[in-house]
Amino acid sequence: MVWAPLGPPRTDCLTLLHTPSKDSPKMSLEWLVAWSWSLDGLRDCIATGIQSVRDCDTTAVITVACLLVLFVWYCYHVGREQPRPYVSVNSLMQAADANGLQNGYVYCQSPECVRCTHNEGLNQKLYHNLQEYAKRYSWSGMGRIHKGIREQGRYLNSRPSIQKPEVFFLPDLPTTPYFSRDAQKHDVEVLERNFQTILCEFETLYKAFSNCSLPQGWKMNSTPSGEWFTFYLVNQGVCVPRNCRKCPRTYRLLGSLRTCIGNNVFGNACISVLSPGTVITEHYGPTNIRIRCHLGSAEDGPRVVFMVDLWHPNVAAAERQALDFIFAPGR
C-alpha cells in the first residue's frame, strides 16, 4: 500500500517511494511533515461538517428523521401483510352458492357469474394481486384501490342504499342516478352512429326465435314475471367467440370504443331483450368503477337494448390499468 499525502505533488517524495538513496532520512522527515499536514486538513474537514450540522434548523432535521421512520414502518407493514396461500379470483367467486333474493336481486345462480357468488377469501386474494401489480409497476396512484380493498367489509355492508356494489367498491367516486351522454361522449357518439349496423345484426339473430324456444348463444335470466334474454359478445371480460362470429361488425365496433371495459371481470357487452310486461327486480351492480351504456330502440314490441360497460369517468388511467390486472379473468 502506498500513502500519497494530500497537497501539491513533491518529486523528492515520489523518488523516496520508488528509489532508495543516501538522502533517505531527510526525505522521510519531509514525508512525515506532509502526512501531518494531511491529518490536520482531515480534522478541519470533520470539524467543519459537525459545525454545519449544528447550524442546521433543528425542526427540519427532526421532520426529515420522522418521515424516514414513517417510510420504513410503512414498507415493513405492507411487506408483512402479504396474504397466506390463495386460489384464483374466479374460483373464489365461484365457491359459494347464491340462493333466492339477496340485496334486492334475483340471482341467476350460475357458478360462472361474478355477481352471484361470494367468498370471504376474496379480499386477501385482491390484496395479493395489488401487491403483485405494485411490485411490477408502481404504488403511485394506488391509494384509493388500496383503501378500497383494505376496507371492503365496511364498504359492502354499511353503505347507504343508493350504492351497494356486490363485489368491489372503489371509495371517493362520485355517484348519480344516471350519467349524461357527455360523460363518455366519444363512445356514445360512436355507438349512435353505428345504430343501424347493430340493429341489422340483431334482427338476423332474432329470427332464430321463430324456430326454437331458446336459440344457441342466448341466455334466459330470472325475473318475477315475463321473459328476459341476453346475447353476450363479452361476458365478464371474456369474449364469446361463437356469438361474436354471428355479430362481427358489432364486435369490431367495441374495439373502437375508448373506455369500454374489456380486460377485467366487470366488463360486458350484450344484447338484452325484454318481452312486453316483464318486470326486473331492483338490484345493484357488482362494482361502482363502471357505468353501463344503453343503446335502445323505440320500436313497439320487445324492448331491445345493446348494453356496454364503460369506465366510470372519475377512475384514473393508472387505476384502470391496476384494476384490469387485479380483476383479470382467470386470476
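Just so you know, residue 1 is the first one in the sequence shown, and it goes up from there.
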With a 3.5 Å distance limit and no angle check, can you tell me whether [X] reaches the backbone of [Y] through a side-chain donor-acceptor pair?
X      : Y      : answer
Thr204 : Cys200 : yes
Thr223 : Ile280 : no
His128 : Leu126 : no
Asn263 : Asp324 : no
Arg320 : Trp311 : no

I'd like to check [X] versus [Y] (side-chain heavy atoms, cut-off strictly below 4.5 Å). Are they in contact?
X      : Y      : result
Phe229 : Leu214 : yes
Met220 : Trp228 : no
Phe266 : Ile289 : yes
Arg181 : Glu192 : yes

If you compare all heavy atoms of [X] against all heavy atoms of [Y], which two are closest, and at what distance to 0.1 Å?
X      : Y      : result
Phe168 : Gly148 : CE1-C, 4.3 Å
Phe231 : Gly217 : CD1-O, 3.5 Å
Gly267 : Val234 : O-CG1, 3.8 Å
Gly296 : Phe195 : O-CE1, 3.6 Å
Pro165 : Pro286 : CB-O, 3.5 Å

Same hydrophobic cluster for [X] and [Y], using side-chain heavy-atom links shorter than 4.5 Å among ILVMFWY?
X      : Y      : value
Ile326 : Trp139 : yes
Val305 : Leu253 : no
Leu254 : Ile291 : yes
Val265 : Val167 : yes
Val188 : Ile261 : no

May I ask you to check whether Gln321 and Tyr137 show a side-chain donor-acceptor distance below 3.5 Å?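 No, Tyr137 and Gln321 have no side-chain donor paired with an acceptor closer than 3.5 Å.
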
Pairing of [X] and [Y] as salt bridge, 4.0 angstrom limit:
X      : Y      : answer
Glu203 : Lys207 : no
Glu201 : Arg249 : yes
Arg292 : Asp309 : yes

Find the distance between [atom1] ([X]) and [atom2] ([Y]) and round it off to the nearest 0.5 Å.
X      : Y      : atom1 : atom2 : answer
Lys135 : Glu132 : NZ    : CD    : 8.0 Å
Glu166 : His283 : CD    : NE2   : 9.5 Å
Arg290 : Thr259 : CZ    : OG1   : 13.5 Å
Leu191 : Ile198 : CG    : CD1   : 5.5 Å
Tyr232 : Ser272 : OH    : OG    : 8.0 Å
Met307 : Leu233 : CE    : CG    : 11.0 Å

If you take the centroid of each ring, where Trp contributes its six-membered ring, are Phe179 and His312 closer together than 6.0 Å?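 Between Phe179 and His312, which both carry aromatic rings, the centre distance is below 6.0 Å.
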
Just do the side chain to side chain contact (heavy atoms under 4.5 Å, CB included) check on Asn243 and Leu205 with the steps written out, would you? CA-CA 10 Å; Asn243 290 1; Leu205 285 173; over 6 Å; no

In this structure, are over 12 heavy atoms from other groups packed under 6.0 Å from Arg144 atom CZ?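 More than 12 heavy atoms, drawn from other residues, nucleotides or ligands, come within 6.0 Å of this atom.
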
Over 12 foreign heavy atoms within 6.0 Å of OH, Tyr251: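 Atom OH in Tyr251 is not packed in, count stays at 12 or less.
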
Should Thr287 and Leu323 be marked as a side chain to side chain contact (heavy atoms under 4.5 Å, CB included) after you check the CA-CA gap, both sets of side-chain angles, and the distance that decides it? CA-CA 11 Å; Thr287 182; Leu323 290 169; over 6 Å; no

Checking Trp218 against Thr230 for the side-chain hydrogen bond (donor to acceptor under 3.5 Å, both in side chains) test, could you report, in this order, the C-alpha distance in whole Å, the side-chain angles of both residues, the deciding distance, and whether it holds? CA-CA 6 Å; Trp218 288 86; Thr230 48; over 6 Å; no

Would you check, one step at a time, whether the test side chain to side chain contact (heavy atoms under 4.5 Å, CB included) holds for Gln216 with Lys246? CA-CA 11 Å; Gln216 189 177 52; Lys246 295 179 180 179; 4.2 Å; yes

Between Phe169 and Glu151, does the side chain to side chain contact (heavy atoms under 4.5 Å, CB included) criterion hold? Intermediate values first, please. CA-CA 9 Å; Phe169 178 82; Glu151 302 184 22; over 6 Å; no

